[in-house]
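Written out below as C-alpha cells is the structure these notes cover.
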Amino acid sequence: MHDAAVYFCSGMLPEDEYFHYGLAVPMYTHFTSPIRRYPDLLVHRLLAASVGQDKTYTELLDRNIVHEWCENMNYRHHQAQLVQRASIALHTQLYFKDKCLDETRTFFSYEETLSSYLSEGTD
C-alpha cells in the first residue's frame, strides 16, 4: 500500500519524492477546471504568475507560502475524508437502528463507531 497523494511545492521536497503512483512517472502535475476545486484554482494562478501573465498573485512565487497552502489543503482534504467516513457510519447506524443482524439482536454501537472516526483526526 502506498501513501495517499498530497499537494506539495516542488521546491520543498527532494526530486526523488516527485512521482505519481498510478502513472509511474517521475514528475506530474494535474489540474482541471478551476471552478471545480481550490487546489486547481491555485495551480492555474501559479502557472499564470510563473509565466508573467498575471501579477495579481505574485505571492504564489514564494515557495514558503505555497508550501504552507499545500499543507493546509492536505490537512483539509484529510479532515474531509474523516467527516465523510463519519457521515457514512452515522447514516449506516441510523438505517440499521431498528434492524438486527443476528439472533442476539445486536448491531455495532453507534457511539463507538462514530467516536472512532472522529478521534482519527485528533492525532
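For Asn72, the side chain to side chain contact (heavy atoms under 4.5 Å, CB included) partners are Arg76, not counting sequence neighbours. Evaluation of the side chain to side chain contact (heavy atoms under 4.5 Å, CB included) rule for Cys70 yields Tyr7, Val66, Met73 as partners, not counting sequence neighbours. Checked against side chain to side chain contact (heavy atoms under 4.5 Å, CB included), Gln84 has the following partners two or more places apart in sequence or in another chain: Ile88.
For the pair Asp62 and His67, the minimum side-chain heavy-atom distance is 4.5 Å or more.
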Extract all donor-acceptor atom pairs below 3.5 Å that involve side chains of residues 47-61 and protein atoms in other chains or at least two apart in sequence.
| residue | atom | partner | partner atom | Å |
| --- | --- | --- | --- | --- |
| Ser50 | OG | Leu46 | O | 2.7 |
| Asp54 | OD1 | Thr56 | N | 2.7 |
| Asp54 | OD1 | Thr56 | OG1 | 2.5 |
| Tyr57 | OH | Arg45 | NH2 | 3.3 |

Could you walk me through whether Gln79 and Tyr75 satisfy the side chain to side chain contact (heavy atoms under 4.5 Å, CB included) test, starting with their C-alpha distance in whole Å, then the side-chain angles of each, then the deciding distance to 0.1 Å, before giving a yes or no?
CA-CA 6 Å; Gln79 294 302 307; Tyr75 172 77; 3.5 Å; yes

